[in-house]
Amino acid sequence: MDKTFASALRNSRLASFDRKLPQVYATSRNCKRGGEWGLKRNLPSVIRTPHITVGDLDTSEHQTPWRSGSSQVLFVRRWKENFPNTKRPVARSEQVQHNIAAMTPGEFKHFIKYASKRAPEFQDKLGNKELVEDQVFDFLGATFTNRDVDERVVGPTYSEHSVEMGYPVQGRILGAVEGGYAVGIGGVVAFLPKKAAINLRRTGDRSIRTFYVQSASFDKDGRPQVTLRVHQPISATSLISSSLPRTTQPSQPSRFQSMHAEDMFLTKRDNEEEDQEANPNHKAVMQMMARLVADKKSS
């Protein structure tokens, strides 16, 4: 009984809740009628949305604050539909990096205390020959760069399959921005550079148009970055396919398929005779044609 309860608790939504990690929760229709969402207490049964986000499991007023999570779910669906070839985010290092060059005097004092606490562990690794003395900064995670450390957002990859860039999407031109145009595609504002919008007409018209995706990714703050172009890019695959014949009929075998390099310099093939043999019935055919001509003249 204890093992069953412990396993159910570890796999429950109550155990996976984290205030710093926004999560979207869903429940079945029957459980939703009773307000059962797998949390500490039941939520109101009048909730209409099938997805919610929870701000806290409990408050001083003994409440569970929640909000609708349908917008997050719909965003993922639209992104997977319009941008299937998303670039995978670069994983952040698991070790905490301490930029000594950018530290304040107070932060540097805390780092000294942190290094003193880890000194015995570093000495043990030296004794076991797991590290050398030159790796002390790598062991402490210390860096000496004047610029801010690039903190990349690590998130899920929404792509389900990989496709070649340049696939079409449907969108509307929202207006002109610096260096190009803003294009709305399924709730995502994409960027269309002017150099990729040659011969673009009626920029003020917000009718649906076809664009081609040049790149799609997320920046370090988690914002989508999509770049478009008006014309479909020419790839090596399209060039090869356009140069090939479009007929589907099987090609007839040619005598040149069996020709070798030395055959190109021969004036006569080995299986060809010098004198061609005439038709043995040639005289009889000519006499028959002469009689037919004479009969036609006499008539």
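- Side-chain contact between Ser215 and Val226 is absent, with no heavy-atom pair separated by less than 4.5 Å.
- In the hydrophobic cluster analysis, where Ile, Leu, Val, Met, Phe, Trp and Tyr join through side-chain heavy atoms closer than 4.5 angstrom, Ile47 is grouped apart from Val24.
- For the pair Val188/Phe75, a side-chain contact is recorded, criterion being any heavy-atom separation below 4.5 Å from C-beta on.
- For the pair Arg118 and Phe139, the distance from NZ or CZ to the six-membered ring centre is under 6.0 Å and the angle to the ring normal is within 45 degrees.
- Shortest non-hydrogen contact noted between Asn82 and Gly186 is ND2-CA, 4.1 Å.
- A search for salt bridge (Lys or Arg N to Asp or Glu O under 4.0 Å) contacts involving Asp134 returns nothing, not counting sequence neighbours.
- Between Gly171 and Ile185, the shortest heavy-atom distance links the atoms CA-CG1, 4.0 Å.
- The shortest side-chain heavy-atom distance between Leu228 and Val169 falls under the 4.5 Å cut-off.
- Residues Thr210 and Gln170 form a side-chain contact, since some pair of their non-hydrogen atoms from C-beta on lies under 4.5 Å apart.
- Linking ILVMFWY residues whenever their side-chain heavy atoms come closer than 4.5 Å, directly or via other members, leaves Trp66 and Leu74 in distinct clusters.
- Atom NE2 of His231 is separated from atom OH of Tyr212 by 9.5 Å, given to the nearest 0.5 angstrom.
- Rounding to the nearest 0.5 Å gives a distance of 12.0 Å between CZ of Arg48 and OG of Ser68.
- Rounding to the nearest 0.5 Å gives a distance of 13.0 Å between CD of Gln232 and OH of Tyr167.
- The closest donor-acceptor contact from the side chain of Arg172 to the backbone of Arg206 lies under 3.5 Å.
- The CD atom of Gln63 sits 6.5 Å away from atom CZ of Arg41, with the distance rounded to the nearest 0.5 Å.
- Taking both residues in full, the closest heavy atoms of Val132 and Phe122 are given as O-CZ, 3.8 Å, listed atom of the first, atom of the second, then distance.
- Under the 4.5 Å side-chain criterion, counting only non-hydrogen atoms from C-beta, Ser116 is not in contact with Phe111.
- By the side chain to side chain donor-acceptor pair (under 3.5 Å) test, Arg77 pairs with no residue at all, sequence neighbours left out.
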Checking side chain to side chain contact (heavy atoms under 4.5 Å, CB included) for the pair Leu200/Leu192: CA distance, chi angles, key distance, verdict? CA-CA 11 Å; Leu200 180 64; Leu192 176 63; 4.0 Å; yes
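- Residues Phe144 and Asn99 are not in side-chain contact: their nearest non-hydrogen atoms beyond the backbone lie 4.5 Å or more apart.
- Both Ile112 and Leu140 are assigned to one and the same hydrophobic cluster, defined by single-linkage of ILVMFWY side chains at heavy-atom distances under 4.5 Å.
- Donor-acceptor pairing under 3.5 Å is lacking for the side chains of Gln72 and Thr53.
- As a member of the Ile/Leu/Val/Met/Phe/Trp/Tyr network built from side-chain separations under 4.5 Å, Phe191 groups with Val177.
- Residues satisfying the side chain to side chain donor-acceptor pair (under 3.5 Å) criterion with Glu130, sequence neighbours excluded, are Lys125.
- The two residues Phe17 and Asp56 come nearest to each other via the heavy atoms CZ-CA, 3.6 Å.
- Proximity of Phe211 to Val183: side-chain heavy atoms (C-beta onward) are separated by under 4.5 Å at one or more points.
- In this structure, the side chains of Leu43 and Thr64 come closer than 4.5 Å at one or more pairs of heavy atoms.
- Every pair passing side chain to side chain donor-acceptor pair (under 3.5 Å) that includes a residue from residues 21-40 is listed here, sequence neighbours excluded: Lys40-Asp58.
- A chain of hydrophobic side-chain contacts below 4.5 Å, direct or via other Ile, Leu, Val, Met, Phe, Trp or Tyr residues, connects Phe137 to Met103.
- Between Thr59 and Pro65, the shortest heavy-atom distance links the atoms CG2-CD, 3.8 Å.
- A search for side chain to side chain contact (heavy atoms under 4.5 Å, CB included) contacts involving Glu133 returns Leu126, not counting sequence neighbours.
- The number of heavy atoms from other shown groups lying within 6.0 Å of NE2 (His110) does not exceed 12.
- Panel note: side chain Arg67, backbone Val54; no donor-acceptor pair is recorded below 3.5 Å.
- Residues Phe83 and Val189 do not share a hydrophobic cluster, defined by chaining ILVMFWY side chains whose heavy atoms lie under 4.5 Å apart.
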